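Worksheet: one structure, shown below.
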Amino acid sequence: MPELPEVETIARKLKPQLVGKTIQDAQLRWQRTLAFPSPRKFRGLIKGQQIQNVTRRAKYFILQLSDFSLLIHLRMSGDLLIKKGKIKPEKHDRLILNLLSAEGDLSHLVFNDTRKFGRVWLTANAEDVLGKLGPEPLSRAFTSRWLHTALHSRHRLLKPLLLDQTFLAGIGNIYADESLHLAKLHPLAASDSVTEQQAEALHRSICQVLKEGIRRNGASFDWVYRGGEYHFRVYDRTGKPCPVCGTSIERILVGQRSTHFCPTCQRLS
DNA sequence: CACGTCACCTGCGTGC
DNA sequence: TGCACGCAGGTGACGT
């Protein structure tokens, strides 16, 4: 489900509710949700850990604990919720952490994930999981110079390259389509054919759509994440008018992923 | 190295 | 109403 803006939105909301809480116990309700370590070790290690910070790297949540990092990836259908008091698990709750505040109040961090693709890691070395990720698009490391050079260091189609988390980390199917449209670049363009001006436009567009996503608290789909108000330009708008020129938005498959673009604004040279 | 295919999962909308 | 089918925000393991 969530891409960088959705994860950032959730992380900002969770942080004040989690920092300072102590993890009393964990209920793992779907074994494969836990990527590392084994369920037995996980439960032993996480008990008594205090949550010291909540941050984000790409589409991963990082819960900084006393002695470990708890990393969470929501993949397609995951969500993180806080519930207060006593609770009974819902159908798709995969992991529940029982939390205790300094005042002795009970609450729960619930990882709900319909499709079971989401994963959780408990590790002393977060780099083992995050080490292969490309730069953060909203960091100072991501510049249009870097992007232009990086695009020319490979021969790939633009859209699949934007989705490659080792190239640039945090963009998913929505924001890839949205940034290519804003930059007036065709999703099937070859990465090493992009001019310096086009790379500048793409850099600007990526930053703009991600910031817009964060400002609007992410995008919403009625069946999963609610509350966000990011407005799609092309994504999920097949047959509807391009907001720039009015041409009908087209949908094609690129690398097995649904891809939306304006055939007038985004020419393949 | 680049790309295609499949696997992992459940649920929803569509059309017959 | 029932049922088959296609589709979904992600990633990783294969094979060519």
Side-chain angles (χ1 to χ4, degrees), chain A residues 1-11 29-36 56-61 71-80 89-95 111-121 128-134 137 150-181 187-193 206 209-210 212-214 216-239 251-260:
Chain A
M1 154 192 94
E3 305 181 23
L4 187 156
E6 289 75 30
V7 176
E8 177 70 23
T9 299
I10 296 170
R29 308 185 72 250
W30 180 255
Q31 299 276 78
R32 299 192 55 173
T33 294
L34 183 61
F36 185 86
R56 176 194 62 74
R57 168 81 168 102
K59 302 172 194 171
Y60 292 81
F61 294 90
L71 307 174
I72 303 173
H73 197 304
L74 304 181
R75 294 279 176 91
M76 291 286 265
S77 59
D79 200 2
L80 286 173
E90 305 281 332
K91 185 174 179 188
H92 302 304
D93 292 348
R94 309 304 179 192
L95 175 68
F111 180 26
N112 182 277
D113 182 22
T114 305
R115 292 176 70 185
K116 300 177 175 172
F117 292 160
R119 290 292 180 267
V120 172
W121 297 256
D128 290 348
V129 180
L130 309 176
K132 289 182 301 182
L133 292 171
L151 289 171
H152 281 258
S153 74
R154 328 219 187 166
H155 183 67
R156 299 274 304 271
L157 302 181
L158 271 187
K159 165 90 187 259
L161 188 54
L162 289 183
L163 293 178
D164 183 340
Q165 303 296 299
T166 67
F167 178 76
L168 187 61
I171 295 177
N173 209 31
I174 293 176
Y175 296 94
D177 284 2
E178 297 286 288
S179 42
L180 286 171
H181 175 263
L188 295 176
S191 62
D192 53 359
S193 75
I206 289 169
V209 298
L210 292 178
E212 197 174 310
I214 292 171
R216 294 183 171 264
N217 299 316
S220 281
F221 286 77
D222 8 310
W223 39 286
V224 193
Y225 178 63
R226 298 147 207 273
E229 284 164 358
Y230 176 84
H231 175 75
F232 300 142
R233 292 169 171 82
V234 288
Y235 182 82
D236 199 28
R237 297 195 65 240
T238 311
R251 175 185 177 274
I252 57 173
L253 274 186
V254 182
Q256 331 286 88
R257 308 300 302 278
S258 184
T259 297
H260 315 76

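The chains referred to below are lettered A, B, ... by the order of the sequence lines, with proteins before strands, and numbering in each begins at 1. Just so it is clear, the model here is predicted, and its values are computed rather than measured.
Paired regions of DNA chain B, where each region holds three or more successive Watson-Crick or G-U pairs whose two hydrogen-bonding distances fall under 3.5 Å, are B:2-8 with C:10-16, B:10-16 with C:2-8.
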Anything under 3.5 Å between a protein N or O and an N or O of nucleotides 11-13 of chain C, put it in a table, one pair a line.
{"from": "dT11(C)", "atom 1": "OP1", "to": "His73(A)", "atom 2": "NE2", "distance (Å)": "2.7"}
{"from": "dT11(C)", "atom 1": "OP2", "to": "Lys59(A)", "atom 2": "NZ", "distance (Å)": "2.8"}

Side chains of residues 251-258 of chain A: which donor-acceptor partners sit under 3.5 Å, not counting sequence neighbours?
{"from": "Arg251(A)", "atom 1": "NE", "to": "Ser258(A)", "atom 2": "OG", "distance (Å)": "2.9"}
{"from": "Ser258(A)", "atom 1": "OG", "to": "His260(A)", "atom 2": "NE2", "distance (Å)": "3.4"}

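For Glu229(A), the side chain to side chain contact (heavy atoms under 4.5 Å, CB included) test picks out Arg216(A), with sequence neighbours left out. Residues that satisfy the side chain to side chain donor-acceptor pair (under 3.5 Å) test with Arg156(A), not counting sequence neighbours, are Asp164(A). Applying the side chain to side chain contact (heavy atoms under 4.5 Å, CB included) criterion to Ala169(A), with sequence neighbours excluded, gives Arg57(A), Ala58(A), Leu133(A), Gln165(A).
Checking dC9(B), dG9(C), dA8(C) against every side-chain atom of Phe117(A), the shortest atom distance belongs to dC9(B). Taking the side chain of Gln256(A) as heavy atoms from C-beta on, and the options dC6(B), dC9(B), dA2(B), the nearest nucleotide is dC6(B). Out of dG10(C), dC9(B), dC7(C), the shortest distance to the side chain of Trp30(A) is found at dC9(B). You'll find that the side chain of Ile174(A) is closest to dG9(C), out of dG9(C), dA2(B), dC9(B).
Whole-Å rounding puts the Leu74(A) CG to dC8(B) P distance at 22 Å. In this structure, Phe111(A) places its CZ atom 13 Å from P of dC9(B), rounding to the nearest Å. Rounded to whole Å, atom P of dG6(C) lies 12 Å from atom CG of Leu253(A). Rounded to an integer number of Å, the gap from Asp113(A) CG to dG11(B) P is 11 Å. One atom, CG of Leu80(A), and another, P of dG9(C), lie 20 Å apart when rounded to the nearest Å. Rounded to an integer number of Å, the gap from CG of Leu161(A) to P of dA2(B) is 8 Å. For the pair Arg156(A) CZ and dC1(B) P, the computed distance is 11 Å after rounding to whole Å. Tyr235(A) places its OH atom 12 Å from the P atom of dC7(C), with the value rounded to the nearest Å.
In this structure, Ser77(A) does not reach the dG10(C) phosphate: none of its side-chain N or O atoms is under 4.0 Å from OP1 or OP2. Considering only side-chain N and O atoms, His92(A) lies under 4.0 angstrom from the phosphate OP1 or OP2 of dG11(B). OP1 or OP2 of dT10(B) has not a single side-chain nitrogen or oxygen of Lys91(A) nearer than 4.0 Å. Contact between the side-chain N/O atoms of Lys116(A) and the OP1/OP2 oxygens of dC8(B) is not found at any separation under 4.0 Å.
Taking only distance into account, the side chain of Arg115(A) meets the base of dA8(C) through a donor-acceptor pair shorter than 3.5 Å.
When atom types are taken as modelled, the side chain of Glu178(A) and the backbone of Tyr235(A) share a donor-acceptor pair closer than 3.5 angstrom. Side-chain N or O atoms of Ser191(A) include one that pairs as donor or acceptor with a backbone N or O of Arg154(A) at under 3.5 Å. In terms of modelled atom types and a separation under 3.5 Å, the side chain of Glu3(A) and the main chain of Asn173(A) share a donor-acceptor contact. Side chain of Thr33(A) to backbone of Arg94(A): no donor-acceptor contact under 3.5 angstrom is found. Under the 3.5 Å distance criterion, the side-chain polar atoms of Ser77(A) are left unmatched by any main-chain donor or acceptor of Asp113(A). No donor-acceptor pair under 3.5 Å is formed between the side chain of Lys59(A) and the backbone N or O of Pro5(A).
On the P atoms, dT11(C) is 22 Å away from dG11(B), given to the nearest whole Å. dT5(B) sits 16 Å from dG6(C) when the P atoms are compared, rounded to a whole Å. Rounded to a whole angstrom, the distance from the P atom of dA4(C) to that of dC9(B) is 22 Å.
Across all strands, Arg119(A) comes closer than 4.0 Å to no nucleic acid atom at all (heavy-atom distances).
Shown are Val129(A), Ile72(A), Leu74(A), Val7(A); of these, the side chain to side chain contact (heavy atoms under 4.5 Å, CB included) with Tyr60(A) is made only by Val129(A).
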